[in-house]
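Every chain is numbered from 1, with letters handed out A, B, ... down the list of sequences.
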There are 2 protein chains.
Amino acid sequence: MGIIRKTESVEILLNEFHDTETALSTIELIKRLGKRINKTTIYRVLSKLEEDGILHSFLGFDGVKWFARCKACTRSQHSDVHPHFQCISCGKTECLEVKVNIPKLTNREVLISQFIIKGKCNLCVA
Amino acid sequence: MGIIRKTESVEILLNEFHDTETALSTIELIKRLGKRINKTTIYRVLSKLEEDGILHSFLGFDGVKWFARCKACTRSQHSDVHPHFQCISCGKTECLEVKVNIPKLTNREVLISQFIIKGKCNLCVA
DNA sequence: CAGTTATTAAAACTCAGTTGCAAATATAAG
DNA sequence: CTTATATTTGCAACTGAGTTTTAATAACTG
């Protein structure tokens with residue numbers, strides 16, 4: 001249904017994504033905000049922000065859901081189709097501004113795709 | 001630690017993968033075999049078969065774990081790096097025999113990558 | 001300001017996956 | 001073949017991410 005009312009929860013959550021390009025897991029957000037916002041609300045607001053094309057989500061290697069800011073998505077179309085990188089050392093998870101070429105598949109209709117890469121990030125690779 | 005003894009559980013599970021190229025979820029395997037093998041054992045045998053390079057695993061869009069036969073993997077190296085396709089209509093999930101080009105990432109070390117595509121399979125696309 | 005409707009918190013629940021431990025069984029040694 | 005021992009199994013209880021239900025609360029509309 002998307003966001004209709006500007007509530008405190010929405011504002012607080014949007015704020016967490018405002019000053020960062022990196023993705024945040026639901027777990028991390030609950031850890032940070034769990035005392036101010038109920039976890040049920042956190043889950044609901046996140047999924048509404050996704051519906052609205054403000055955030056996009058993906059599953060990390062551990063099966064936990066991550067969210068990150070969209071750059072050029074709208075409510076009707078999520079156009080953020082890029083790989084996500086998860087660092088095994090520091091845990092930082094980020095969107096990669098790289099084009100993915102989805103392989104041509106004969107006789108199949110592609111709807112969504114997800115590409116996750118695990119490794120060491122620029123700071124941890126040393 | 002991998003498989004050391006040839007037990008009935010190992011044989012039954014290997015058999016499920018013997019006559020199919022498609023992937024099987026842990027949920028499906030527990031549904032099929034849960035009366036013959038305890039679910040704990042199913043989970044344990046699957047992960048040992050993965051260690052041995054006989055099966056490989058990946059997470060579906062729902063966060064459930066899927067397993068499929070490896071083609072050219074060994075205990076020391078899992079070389080099955082291909083996309084997986086999950087059909088939204090019939091649920092069939094399969095390995096795609098397509099090469100994925102992992103984008104060149106400067107200053108980063110890539111360890112594992114996972115590419116999942118969701119859509120309609122050749123039978124359901126009609 | 002009052003009425004309507006979306007949003008929230010809280011608690012209980014779901015369900016995939018894990019853990020600890022005692023009993024069972026495959027394999028190696030004698 | 002029998003015994004010793006180390007792996008494997010089943011069971012029950014647990015973990016933890018995410019969901020559902022319901023009553024109370026807060027944002028918008030007129």
Side-chain angles (χ1 to χ4, degrees), chain A residues 1-17 23-52 54-68 75 84 86 91 93 114 116 118, chain B residues 1-17 23-52 54-68 75 84 86 91 93 114 116 118:
Chain A
M1 202 166 60
I3 298 272
I4 294 179
R5 295 182 180 177
K6 282 212 175 134
T7 64
E8 205 189 343
S9 310
V10 172
E11 218 163 303
I12 292 171
L13 271 161
L14 275 178
N15 215 44
E16 290 295 318
F17 289 94
L24 296 168
S25 68
T26 50
I27 306 307
E28 172 64 21
L29 287 167
I30 289 168
K31 210 180 290 169
R32 285 191 201 172
L33 307 173
K35 272 164 192 158
R36 292 209 280 163
I37 316 176
N38 185 278
K39 72 168 179 169
T40 316
T41 304
I42 294 177
Y43 282 113
R44 267 186 302 227
V45 170
L46 287 173
S47 76
K48 285 186 176 187
L49 289 171
E50 187 172 20
E51 277 181 64
D52 287 340
I54 295 165
L55 300 178
H56 62 278
S57 74
F58 55 95
L59 290 181
F61 278 92
D62 47 1
V64 167
K65 208 166 185 181
W66 291 75
F67 286 86
R75 185 155 184 173
H84 292 98
Q86 200 161 20
T93 300
Q114 210 178 266
I116 309 181
K118 201 173 183 174
Chain B
M1 198 169 61
I3 297 273
I4 294 179
R5 296 183 180 177
K6 283 207 174 139
T7 64
E8 205 189 344
S9 309
V10 173
E11 217 164 303
I12 292 171
L13 270 162
L14 275 178
N15 217 44
E16 290 294 318
F17 288 94
L24 296 169
S25 68
T26 50
I27 306 305
E28 172 65 21
L29 287 166
I30 289 168
K31 211 181 289 171
R32 285 192 200 172
L33 307 172
K35 272 162 192 160
R36 292 209 278 163
I37 315 174
N38 186 279
K39 71 168 181 170
T40 313
T41 305
I42 294 177
Y43 281 113
R44 268 185 299 222
V45 170
L46 287 173
S47 78
K48 284 187 177 185
L49 289 171
E50 186 171 21
E51 276 182 63
D52 287 340
I54 296 165
L55 300 179
H56 62 278
S57 74
F58 55 94
L59 289 181
F61 279 92
D62 46 1
V64 167
K65 209 167 183 179
W66 292 74
F67 286 87
R75 184 156 185 171
H84 292 97
Q86 200 162 19
T93 300
Q114 210 177 266
I116 309 181
K118 201 173 183 176

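For B:T26, a side-chain nitrogen or oxygen approaches OP1 or OP2 of C:dG17 to under 4.0 Å. Between B:S9 and the phosphate of D:dT9, there is a side-chain N or O to OP1/OP2 separation shorter than 4.0 Å.
Here D:dT9 presents its P atom at 11 Å from CG of B:L46, a figure rounded to the nearest Å. Atom CD1 of A:I3 and atom P of D:dC28 are 11 Å apart (whole Å). The separation between B:I27 atom CD1 and C:dT18 atom P is 11 Å, rounded to whole Å. Atoms CG (A:L29) and P (D:dA17) sit 13 Å apart, rounded to a whole Å. Rounded to whole Å, the distance from CG on A:N38 to P on C:dA12 is 13 Å. C:dT7 atom P lies 11 Å from atom CG of A:L49, rounded to whole Å. When rounded to the nearest whole Å, the span between CD1 of A:I4 and P of C:dT5 equals 12 Å. B:K35 places its NZ atom 14 Å from the P atom of D:dC11, with the value rounded to the nearest Å.
Atom-to-atom distance recorded for B:Q86:CD and B:L59:CG is 10.0 Å, nearest 0.5 angstrom.
Other residues, nucleotides and ligands contribute only 12 or fewer heavy atoms inside 6.0 Å of the CZ atom of A:R36.
Side chain of A:E16 to main chain of A:L29: no donor-acceptor pair is present (N/O by atom type, distance under 3.5 Å, no hydrogens or angles). Within the 3.5 Å criterion, the main-chain N or O of B:T40 finds a donor-acceptor partner in the side chain of B:N38.
Each of A:T40 and B:Y43 was matched to the nucleotide of DNA chain C holding its nearest heavy atom; the match closer to the 5' end belongs to A:T40. Map B:I30 and B:E8 each onto its nearest nucleotide of DNA chain C; the residue landing nearer the 5' end is B:I30. Comparing A:K39 and A:T7 against DNA chain D, the residue whose closest nucleotide sits nearer the 5' end is A:K39.
When the nucleotides D:dG18, D:dT8, C:dT27 are ranked by their closest atom to the side chain of B:K48, D:dT8 comes out on top. The A:R5 side chain lies nearest to D:dA26 when the options are D:dA26, D:dA17, C:dT8.
With B:L13 as reference, B:V45 is the one residue of B:L24, B:V45, B:T7, B:T41 to meet the side chain to side chain contact (heavy atoms under 4.5 Å, CB included) rule.
No N or O donor and acceptor, one from the side chain of A:R44 and one from the base of D:dG18, sit under 3.5 Å apart.
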